[in-house]
Amino acid sequence: MALSTSSDQLPNASATVVDNPHGKKLKSRHVTMIALGGIIGASLFVGSANVILAAGPAATLSYLGGGLIVFLAMRMLGEMAAARPAVGSFMEYARVGLGDWAAYIVGWLYWYFWVGVIAYEAVVGGGMIAEWFPAVPAWLGSLVLLAIFVTTNLISLRAFGETEFWLASVKVVAIVVFLGAGVLFALGLWPGASMSIPNLWEHGGFMPNGFGVVVSSIALVLFAYFGAEIAVMAAAESEDPAKGVRQAANTVIWRVMLFYVGAVLVIVTVVPWNELPSPDEIAPFAYVFSLLGIPGAEAIMTLVIFTAVISVLNSGTYSASRMFAALSEQKLAPAIMSKRSKRGVPIYAVLASTAGGLIATLVNFIAPSSGIYEFIMNSTGLVALFVFVFIAVTQWRLRVKMTPEQRDALTLKVWMFPVLNIVLIAAAIGIVVIMLGTEGGRAQVLTSFIAAGALALFWPIVRRNLRRARAEGVIEAEPAQVG
């Protein structure tokens, strides 16, 4: 492990860029596809139907609003990361800007979130395998998937990157074909089709259920976008970290918004929103493809959805392990988790993260009525908002710490500082208030705060260990905070 020496733009930082002489680093194409792979999952191919059925054609505004919030967070994260690429990403910047407590809370919550994702995707993937091969129990299919992707992540960074590149490519190709064919169909240029654009305002209007539903749907949409920040983490292990971070912050979220907003716009244009089948019957993408007359549309989309599931499982394993390793490097997690193989892989962090997902997966199958699995899934609900708020506050604090010369030297800047920081924080608070107005939202808010509270109980022990490590000179002193 080698410390980066370009610390002139981010005060008191000790963020690290992985020096991996024995293994190949990620290329820019890997970084881009890793970001897309972590964010484009079943939530788009299947879950988008629930948002459309609730908000009507105005679901496009829900996806646009959620995307803009994530874009602001990515821009703020990009400013910090371009100045100092770090594997720990926002966790490391929170440590520098707010203190050890902030790094501890946001880092562990982020790890917990991805462990939950690993379990969820393994359960969904195992269920799909069981549908195709009834002789194979769902739990066995889940275990096989976990074994495959823990192996992929353990082999090397490049093995993970290549796997994610091709898995994400399948999803991107499917969306591009969907967008192209859908636009032709909506314009009446597809064989046997007539112009269907009036579906946007007919059948009760563009916003049939009111503006409130559109706003409340942003809470659902926001979590579908969570994962774009993986690109910034991966860029720290790329051949050109600074360039990779700038590209990720500037382009990835636009591409994701194009895919999400564009796909939803195609669906509500081609199909009257109130005639869209429930996702339990058929996925919206498969339904639209069937309207286009494409043979085997449902079977093809089922394979694409399965690819999306295992892609997120793959990228989730990467994200969880890198955050665990970064926590360990700052003495916020067991020291062994930062140990890397000759190829630069944090092997114990990968194994521990997968083990966490494995435990949650087995709980789902062994004790489905215990409520433990449901608690884990619900209690990760606010992690995205926690992370976005920490990013906004941290970037604000770090910008204040900078000298005029350091600010001028920034290669990537947040506009209208600090107005957009305030907007992002206010939006996050507003979403929590909206969530409290629904039964499912209240459950997520309550369980998320319980999880954060449980984590806070261990902070005194961790802080004591940090003080001991600093007294022994193992790690540097905690950065001085702005008063």
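We count residues from 1, following the sequence as given.
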Exercise. Indicate the atoms forming the closest heavy-atom contact of V304 with A174, along with that distance.
Key: CG1-CB, 3.8 Å
Practice problem: With sequence neighbours excluded, tell me which residues meet ring-ring contact (aromatic ring centres under 6.0 Å, His included) with Y120. | Solution: none
Quiz item: So, for N50 and P279, which heavy atoms are closest and what is the spacing to 0.1 Å?
Solution: OD1-CG, 3.4 Å
Got a list of side-chain donor-acceptor pairs under 3.5 Å for residues 105-113, not counting sequence neighbours?
| unit_1 | atom_1 | unit_2 | atom_2 | d |
| --- | --- | --- | --- | --- |
| W108 | NE1 | L332 | O | 2.9 |
| Y110 | OH | W114 | NE1 | 3.0 |
| Y110 | OH | E229 | OE2 | 2.5 |
| W111 | NE1 | S353 | OG | 2.9 |
| Y112 | OH | S379 | OG | 2.6 |

Quiz item: Taking all atoms of both residues into account, what is the closest heavy-atom pair of L412 and E79, and its distance?
Solution: O-CG, 3.1 Å
Quiz prompt | Output field: ring centroids F449/F386 closer than 6.0 Å | solution = yes
Quiz item: What closest approach, in Å, do A283 and I305 show between heavy atoms, and which atom pair accounts for it?
Solution: CB-CD1, 3.9 Å
Practice problem: Give, for atom CG of L167 and atom CD of E162, the distance between the pair rounded to the nearest 0.5 Å. | Solution: 11.0 Å
Quiz prompt | I69 and its side chain to side chain contact (heavy atoms under 4.5 Å, CB included) partner, picked from V423, L424, L385 | solution = L424
Quiz item: Hey, are K171 and S311 close enough side-chain-wise for a donor-acceptor pair under 3.5 Å?
Solution: yes
Practice problem: Could you check D100 against R470 for salt bridge (Lys or Arg N to Asp or Glu O under 4.0 Å), going step by step and ending with a plain yes or no? | Solution: CA-CA 12 Å; D100 290 325; R470 289 197 169 105; 2.7 Å; yes
Self-check item: Y104 OH to W459 CH2 distance, which is reported to the nearest 0.5 Å
Solution: 8.0 Å
Practice problem: Taking K413 for its side chain and R407 for its backbone only, find out whether a donor-acceptor pair lies under 3.5 Å. | Solution: yes
Quiz item: Between the main-chain N or O of A122 and the side-chain N or O of S142, is there a donor-acceptor pair closer than 3.5 Å?
Solution: yes
Quiz item: Do the non-hydrogen side-chain atoms of W396 and L420 ever get within less than 4.5 Å of each other?
Solution: no
Quiz item: Under the side-chain contact (heavy atoms from CB on, under 4.5 Å) test, which residues partner I391, sequence neighbours left out?
Solution: M76, L77, M80, F90, V387
Practice problem: Indicate the atoms forming the closest heavy-atom contact of R442 with G437, along with that distance. | Solution: NH1-C, 3.7 Å
Quiz item: How many angstroms lie between OH in Y318 and CE in M323, if you round to the nearest 0.5 Å?
Solution: 10.5 Å
Quiz item: Is there a side-chain contact between M91 and L327, using heavy atoms and a 4.5 Å cut-off?
Solution: yes
Quiz item: Taking K331 for the side chain and R468 for the main chain, is one N or O donor matched with an acceptor at less than 3.5 Å?
Solution: no
Quiz item: With T317, which of V312, N153, L154 fulfils side chain to side chain contact (heavy atoms under 4.5 Å, CB included)?
Solution: N153
Quiz item: Hey, does the side chain of S328 reach the backbone of S338 with a donor-acceptor pair shorter than 3.5 angstrom?
Solution: yes
Quiz item: Does a side-chain heavy-atom distance below 4.5 Å link I118 with L313?
Solution: yes
Exercise. Using the six-membered ring of W415, assess whether NZ or CZ of R75 lies under 6.0 Å from its centre and within 45 degrees of the ring axis.
Key: yes
Quiz item: If you draw a 6.0 Å radius around CZ in F165, do more than 12 non-hydrogen atoms from other residues or ligands fall strictly inside?
Solution: yes
Practice problem: Would you sort out whether F375 and I450 count as a side chain to side chain contact (heavy atoms under 4.5 Å, CB included), showing the intermediate values? | Solution: CA-CA 10 Å; F375 177 86; I450 289 175; 3.9 Å; yes
Quiz item: Does any N or O in the side chain of S448 come within less than 3.5 Å of the main-chain N or O of L382, such that one atom is a donor and the other an acceptor?
Solution: yes
Quiz prompt | CD-OG1 distance between E92 and T394, expressed to the nearest 0.5 angstrom | solution = 10.5 Å
Practice problem: Could you give me the CA-CA distance, side-chain angles and deciding distance for K27 and R158, then say whether side chain to side chain contact (heavy atoms under 4.5 Å, CB included) is met? | Solution: CA-CA 9 Å; K27 295 182 179 293; R158 184 61 69 86; 4.0 Å; yes
Self-check item: Close side-chain approach of L358 to L143, heavy-atom, < 4.5 Å
Solution: yes
Quiz prompt | Verdict with supporting geometry, F160 and I155, side chain to side chain contact (heavy atoms under 4.5 Å, CB included) | solution = CA-CA 8 Å; F160 156 74; I155 292 174; over 6 Å; no
Quiz item: How long is the gap from CG on L98 to CZ on R397, to the nearest 0.5 Å?
Solution: 5.5 Å
Quiz item: If we only count heavy atoms from C-beta on, is the Y93 to Q395 side-chain gap below 4.5 Å?
Solution: no
Quiz prompt | Side-chain heavy atoms of V51 within contact of V264, under 4.5 Å | solution = no
Self-check item: side chain to side chain contact (heavy atoms under 4.5 Å, CB included) between S48 and Y63, worked out
Solution: CA-CA 9 Å; S48 56; Y63 278 94; 3.4 Å; yes
Quiz item: Looking at CG of L446 and CE of M435, how far apart are the two atoms once the value is rounded to the nearest 0.5 Å?
Solution: 11.0 Å
Quiz item: Is the shortest heavy-atom distance from the side chain of F149 to the side chain of V350 under 4.5 Å?
Solution: no
Quiz prompt | Side-chain donor/acceptor of S217 to backbone N/O of S62, under 3.5 Å | solution = no
Quiz prompt | Shortest non-hydrogen contact between R399 and L410, atoms and distance | solution = NE-CD1, 3.9 Å
Quiz item: Should L362 and W139 count as side-chain neighbours, where that means a heavy-atom distance under 4.5 Å?
Solution: no
